[in-house]
Amino acid sequence: MKLTLLDKDGKSADTACPSVYLADTGELVVQGRELVGEDAGELQNPLPGETAVRISPEVVIRAIEKYKRDGA
């Protein structure tokens with residue numbers, strides 16, 4: 001899978017997250033701190049192999065704006 005960076009939290013280091021990518025499959029991929037413990041327990045029906053990550057709304061919004069502006 002080839003990933004194209006759409007947006008990254010500007011407050012993080014150059015190689016840090018959270019980030020949103022566009023995959024060559026047309027899907028979005030989100031990179032962030034994994035939910036663990038009680039936080040992960042709040043997820044509804046996670047399937048084997050699924051996880052959730054934390055990411056700020058601003059990063060998601062900017063990623064969507066870039067996706068809409070630049071296309072797939």
Side-chain angles (χ1 to χ4, degrees):
M1 174 186 306
K2 180 168 174 24
L3 300 177
T4 301
L5 179 66
L6 291 177
D7 195 73
K8 178 178 109 44
D9 188 335
K11 295 176 279 192
S12 64
D14 287 341
T15 58
C17 57
S19 302
V20 177
Y21 301 85
L22 178 62
D24 59 0
T25 60
E27 300 167 299
L28 294 176
V29 175
V30 178
Q31 174 187 356
R33 279 189 27 223
E34 183 177 8
L35 292 180
V36 294
E38 290 180 16
D39 294 334
E42 293 292 314
L43 296 173
Q44 295 183 14
N45 306 314
L47 298 174
E50 291 183 338
T51 192
V53 298
R54 298 174 189 262
I55 189 166
S56 72
E58 294 81 13
V59 171
V60 174
I61 291 167
R62 286 193 309 261
I64 291 169
E65 288 170 349
K66 180 177 171 72
Y67 175 78
K68 288 169 71 175
R69 181 181 62 245
D70 298 346

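Because the structure is predicted, anything quoted here is derived from the model rather than measured.
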Taking all non-hydrogen atoms of both residues into account, name the closest pair between [X] and [Y] and its distance.
{"X": "L47", "Y": "E50", "answer": "N-OE1, 2.8 Å"}
{"X": "P18", "Y": "S56", "answer": "CG-N, 4.4 Å"}
{"X": "K8", "Y": "S19", "answer": "CG-OG, 3.4 Å"}

Quiz item: In a check of side-chain contact (heavy atoms from CB on, under 4.5 Å) between V20 and each of L6, D9, L5, which one passes?
Solution: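 Testing each of L6, D9, L5 against V20, the sole residue satisfying side-chain contact (heavy atoms from CB on, under 4.5 Å) is L6.
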Self-check item: Transitive ILVMFWY side-chain link Y21 to V30, under 4.5 Å
Solution: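 As far as the 4.5 Å side-chain criterion goes, V30 and Y21 are not connected within one cluster.
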Quiz item: Transitively linked via ILVMFWY side-chain contacts under 4.5 Å: V29 with V59?
Solution: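 No, separate clusters.
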Quiz item: Around E38, counting heavy atoms of other residues, nucleotides and ligands shown, do more than 12 lie under 6.0 Å from its CD?
Solution: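 Incorrect, the count does not exceed 12.
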Exercise. Supply the atom-to-atom distance L22 CG to D7 CG, rounded to the nearest 0.5 angstrom.
Key: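 Interatomic distance, L22 CG to D7 CG, rounded to 0.5 Å: 13.0 Å.
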Quiz item: From R62 CZ over to E65 CD, what is the distance, rounded to the nearest 0.5 angstrom?
Solution: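 Here the rounded value is 8.5 Å.
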Quiz item: Within a strict 4.5 Å, meaning less than it, do heavy atoms of the D39 and R54 side chains meet?
Solution: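 Side chain of D39 against side chain of R54, heavy atoms only: contact under 4.5 Å found.
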Quiz item: Would a 4.5 Å heavy-atom cut-off, applied to side chains only, mark L35 and V53 as touching?
Solution: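 They are not in side-chain contact.
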